[in-house]
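Starting from 1, each residue takes its place in the sequence as its number.
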Amino acid sequence: MTTLDTTTTAPASRLRGWDSLEFYVGNARATAGFLTAAFGFRVTAYAGPETGRDDVASYLLEQGDIRFVVTAGLTPSSPIWSHVREHGDGAQDLAFVVDDAEATYEAAIARGATSAREPYELTDGHGTLRLAAIGTYGETKHTFVDRSDYDGYYCPGFVTTGLPPEPQGEAVGLAHIDHVVGNVETGKLDEWVAFYEDVMGFRQLRHFDENQIATEYSALRSTVVTNDAGVTMPLNEPAEGLKRSQIQEYLDTYRGPGVQHIALGTTDIVQAISGLRSRGVRFLEANDAYYRDVRDRLGFLDIPWDALERLGILVDHEEDEGYLLQLFTEPITDRPTVFIEIIQRGGATGFGEGNFKALFESIEKEQERRGNL
């Protein structure tokens with residue numbers, strides 16, 4: 001019998017990094033096509049009725065170290081259908097690589113986590129994949145994935161033949177998941193920060209109050225949690241303002257807490273945004289005064305200013321650390337919920353605090369167009 005050390009080793013110290021992000025969607029084939037055509041991902045594996053899974057269709061998409069899985073239910077009784085009907089398309093499972101899925105799960109449960117799925121195994125001719133899952137904010141879950149005894153491609157039930165063609169268009173060059181942001185209800189931020197600290201063993205990296213993230217009309221509070229492997233997850237809640245904040249719009253539209261945006265890192269954001277724009281990806285736009293102001297403040301930075309302004313890329317700087325370049329897409333689903341951030345770090349470890357006001361004013365313009373401000 002194995003004795004699990006659940007009291008001294010927190011789950012966060014067992015996490016080796018991101019494994020994958022799984023999206024529940026209404027049409028997996030269409031979503032996979034969108035992510036390949038617009039964002040330059042490749043479909044590298046598939047599971048569905050043709051592979052023995054008659055209840056779902058799942059496509060694995062990869063770019064750099066990023067793995068997205070898009071999954072749709074195939075029958076009205078599918079829980080995925082119910083999830084999509086309530087929430088729309090969204091990121092439902094944030095999965096981590098661990099060296100022992102059962103021990104990580106037991107450690108989380110011992111510290112107060114709620115089980116989403118008890119430890120289980122998936123086996124094929126390539127070995128055994130061990131997994132377990134816990135619940136977190138809303139219907140989001142964390143799956144712990146132990147690949148130490150599995151040398152197949154991604155997961156039993158997935159095949160690497162008969163896949164859609166390679167994406168066409170300019171190269172994008174997205175490399176890794178930088179961070180994943182969750183939105184929670186008003187008054188729940190401290191509770192979920194405590195969950196990640198006390199149950200998961202993460203530590204706080206930064207906190208922003210409503211005075212730091214505010215516009216004329218709305219505000220929010222945010223705390224960033226992280227672990228030593230670089231798994232970083234900011235959490236947001238609405239704050240009181242004159243009008244409905246972007247976080248409250250998300251909560252109302254998604255019908256509860258969930259993943260707001262996914263930040264994807266690149267080493268060349270000019271190439272990335274140029275490629276994405278050429279593929280038809282739409283981004284939030286800063287106001288006309290933004291570049292006059294940022295060049296006055298940060299003109300000393302040795303960065304390609306003309307290209308950044310032409311492509312609409314935002315610039316921030318942290319004293320004694322470096323700079324950060326970022327840009328945010330419009331929502332990528334019909335409901336104004338999940339969106340993508342493209343980010344390049346030139347030494348900065350923050351989240352573009354200098355751009356908060358410009359970003360949120362851009363979001364408010366879109367909210368006003370939808371009649372949701």
Side-chain angles (χ1 to χ4, degrees), residues 35 37-41 63-66 167 169-181 206 208 212-215 222 224 230 232 234 246 260-332 338-367 369:
L35 290 171
F39 287 86
F41 282 85
Q63 185 172 178
D65 293 331
I66 306 162
E170 284 189 34
V172 178
L174 303 177
H176 63 275
I177 297 172
D178 187 272
H179 58 275
V180 177
V181 181
R206 301 199 178 192
F208 306 102
Q212 294 169 283
I213 310 180
T215 69
S222 182
V224 183
T232 302
Q246 53 156 309
Q260 180 213 44
H261 80 264
I262 299 157
L264 303 178
T266 179
T267 58
D268 187 345
I269 197 169
V270 170
Q271 172 191 312
I273 300 302
S274 176
L276 291 167
R277 285 192 180 277
S278 74
R279 292 166 173 269
V281 176
R282 296 187 295 185
F283 293 90
L284 297 175
E285 306 291 346
N287 62 40
D288 295 339
Y290 174 80
Y291 286 97
R292 293 196 300 272
D293 174 67
V294 76
R295 283 202 188 212
D296 285 344
R297 292 188 295 108
L298 304 178
F300 59 87
L301 292 175
D302 183 17
I303 53 178
W305 282 105
D306 290 343
L308 298 176
E309 182 169 359
R310 172 173 51 83
L311 292 167
I313 297 167
L314 308 180
V315 183
D316 196 27
H317 177 261
E318 298 175 353
E319 190 173 354
D320 300 326
E321 289 196 7
Y323 65 86
L324 176 153
L325 309 175
Q326 62 188 159
L327 192 56
F328 300 82
T329 72
E330 294 181 359
I332 61 172
V338 66
F339 58 92
I340 302 293
E341 174 185 355
I342 311 300
I343 185 169
Q344 177 182 335
R345 295 187 181 276
T349 59
F351 300 88
E353 291 90 314
N355 294 323
F356 282 167
K357 190 171 189 294
L359 168 63
F360 298 134
E361 286 177 344
S362 297
I363 292 175
E364 286 176 350
K365 284 193 295 186
E366 296 302 310
Q367 284 181 260
R369 288 177 55 201

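- Going from atom CG of L327 over to atom CD of E341 covers 9.0 Å, rounded to the nearest 0.5 Å.
- A donor-acceptor pair under 3.5 Å is absent between the side-chain atoms of T329 and the main chain of F283, judged by distance alone.
- Here the side chain of R279 pairs a donor or acceptor atom with the backbone of A37 at under 3.5 angstrom.
- For the pair D296 and R292, the salt-bridge criterion is not met [side-chain N within less than 4.0 Å of a carboxylate O].
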Yes or no on side chain to side chain contact (heavy atoms under 4.5 Å, CB included) for D316 and F351, after CA distance, side-chain angles and deciding distance?
-> CA-CA 9 Å; D316 196 27; F351 300 88; over 6 Å; no

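- Of all heavy-atom pairs spanning H179 and I343, the tightest one is CE1-CD1, 4.4 Å.
- Closest approach of L174 and F39 over heavy atoms only: CD1-O, 4.1 Å.
- In plain terms, the two heavy atoms of P167 and G40 that are nearest each other are CG-O, 4.0 Å.
- Proximity of a side-chain donor or acceptor of Q326 to a complementary backbone N or O of I342 within less than 3.5 Å is not detected.
- Atom CD1 of I332 and atom CG of L35 lie 6.0 Å apart (nearest 0.5 Å).
- Between the side chain of E318 and the main chain of T349, a donor-acceptor pair closer than 3.5 Å is present.
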For the pair I273 and V270, evaluate side chain to side chain contact (heavy atoms under 4.5 Å, CB included) and give the outcome as yes or no after the intermediate values.
-> CA-CA 5 Å; I273 300 302; V270 170; over 6 Å; no

Identify all side-chain donor-acceptor contacts of residues 298-314 below 3.5 Å with residues at least two apart in sequence or on another chain.
from, atom 1, to, atom 2, distance (Å)
W305, NE1, L301, O, 3.2
D306, OD1, R295, NH2, 2.9
E309, OE1, R295, NH2, 3.3

For side chain to side chain contact (heavy atoms under 4.5 Å, CB included), just list the numbers for R297 and H317, CA-CA rounded to whole Å, side-chain angles, deciding distance to a tenth of an Å, and then say yes or no.
-> CA-CA 9 Å; R297 292 188 295 108; H317 177 261; over 6 Å; no

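- For the atom pair CG of L325 and CD1 of I269, the computed distance is 5.5 Å after rounding to the nearest 0.5 Å.
- Nearest heavy-atom pair, A38 versus L276, reported as atom, atom and distance to 0.1 Å: O-CD2, 3.3 Å.
- Judged purely by distance below 3.5 Å, without hydrogens or angles, the side chains of Q271 and E170 never pair a donor atom with an acceptor atom.
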List the steps and the verdict of side chain to side chain contact (heavy atoms under 4.5 Å, CB included) for L284 and E330.
-> CA-CA 6 Å; L284 297 175; E330 294 181 359; 4.3 Å; yes

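- Remark: T266 OG1 to Q63 CD distance equals 8.5 Å, nearest 0.5 Å.
- Between F41 and I66, some side-chain heavy-atom pair lies under the 4.5 Å cut-off.
- Here the side chain of R345 pairs no donor or acceptor atom with the backbone of G322 at under 3.5 angstrom.
- Ring geometry, F339 versus H261: the interplanar angle falls under 30°, so the pair is classed parallel (tilted spans 30 to 60°).
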